[in-house]
Amino acid sequence: MSTTSSRIADLRKSYERAELSEEASHADPLRQFDQWLTEAIAAEVPEPNAMTLATVASDLRPSTRIVLVKGYDERGIVWYTNYDSRKGRELAGNPFAALQFHWVELERVVRIEGRVEKTSAAESDAYFAGRPLDSRIGAWASPQSEVITGRSVLVANAAKYSAQFLLNPPRPPHWGGYRLVPHEWQFWQGRKSRLHDRLRYTAQGTGWVRERLAP
């Protein structure tokens with residue numbers, strides 16, 4: 001066993017920054033999420049909008065990657081990506097996914113599960129138009145998740161599409177937004193002695209049922 005491996009088992013952290021009670025939390029999970037994300041941004045947590053996206057392929061094998069949330073409201077959580085990527089192909093075959101935010105510095109985790117749908121073309125167009133030019137060119141240049149022979153392929157593609165589109169690249173037909181429509185939220189707040197606070201919100205009718213889970 002390596003020295004690093006032997007040390008991992010001894011790593012410990014005491015969580016003592018905050019608490020999460022039924023009385024102090026919002027009845028609507030979206031409001032609770034908005035509060036926590038706002039606090040993560042205010043605390044200058046590195047990339048507070050970064051979230052893990054988990055999908056499951058048709059062979060039932062799960063995969064995860066980090067994406068950035070770009071919007072949220074009562075309709076759901078939105079991010080943008082290449083529809084032909086691995087995650088896009090998996091979502092086409094199984095339109096359910098899970099998201100997770102981990103704000104280490106605040107000792108908080110948010111988990112969200114639900115059905116995924118594509119955003120409208122108008123929403124995708126509006127977001128794409130506001131991206132930096134190099135990001136818009138990059139959406140054309142990268143055949144995401146495909147095998148390439150080297151970085152030179154990306155550089156050549158970027159040069160090709162920069163010359164073709166100049167300052168006005170349109171949104172690629174294979175690129176756009178997804179929206180996860182939540183049916184379950186979980187909020188986890190680290191607490192002392194591993195007796196963490198964990199609240200689950202489950203969709204029921206037009207509202208939400210809030211329950212405490214053992215950590």
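Listed by chain and residue number, nothing satisfies the side-chain hydrogen bond (donor to acceptor under 3.5 Å, both in side chains) test with Asp28 (two or more places apart in sequence, or in another chain). Residues passing the side-chain hydrogen bond (donor to acceptor under 3.5 Å, both in side chains) test with Thr119, sequence neighbours excluded: Ser124. Taking the side-chain hydrogen bond (donor to acceptor under 3.5 Å, both in side chains) definition, one finds that Glu117 meets it with nothing, sequence neighbours left out. For Ala126, the side-chain contact (heavy atoms from CB on, under 4.5 Å) test picks out no residue, with sequence neighbours left out. In terms of the side-chain hydrogen bond (donor to acceptor under 3.5 Å, both in side chains) criterion, Arg111 has no residue partners (sequence neighbours excluded). Looking at residues two or more places apart in sequence or on another chain, you find a side-chain contact (heavy atoms from CB on, under 4.5 Å) between Glu90 and Thr55, Ala57, Ser63, Arg65, Arg86. The ring-ring contact (aromatic ring centres under 6.0 Å, His included) search around Tyr83 returns Tyr178, not counting sequence neighbours.
Hydrophobic clustering, defined by side-chain heavy atoms of Ile, Leu, Val, Met, Phe, Trp and Tyr closer than 4.5 Å, groups Leu154 together with Ile148, Val153.
Residue pairs meeting the ring-ring contact (aromatic ring centres under 6.0 Å, His included) criterion with at least one partner in residues 36-61, sequence neighbours excluded, are Trp36-Phe187. Sorted by first and then second residue, the side chain to side chain donor-acceptor pair (under 3.5 Å) pairs involving residues 148-171 (not counting sequence neighbours) are Asp125-Arg171.
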Distance-only check: which donor-acceptor pairs under 3.5 Å involve side-chain atoms of residues 38-45, not counting sequence neighbours?
unit_1, atom_1, unit_2, atom_2, d
Thr38, OG1, Asp34, O, 2.7
Glu39, OE1, Arg108, NH1, 2.5
Glu39, OE1, Arg108, NH2, 3.3
Glu39, OE2, Gln35, NE2, 3.2

Less than 3.5 Å apart, which donor and acceptor atoms pair up between the side chains of residues 127-142 and the rest of the protein, not counting sequence neighbours?
unit_1, atom_1, unit_2, atom_2, d
Arg131, NH1, Ser135, O, 3.2
Arg136, NE, Arg131, O, 3.0
Trp140, NE1, Pro170, O, 2.8

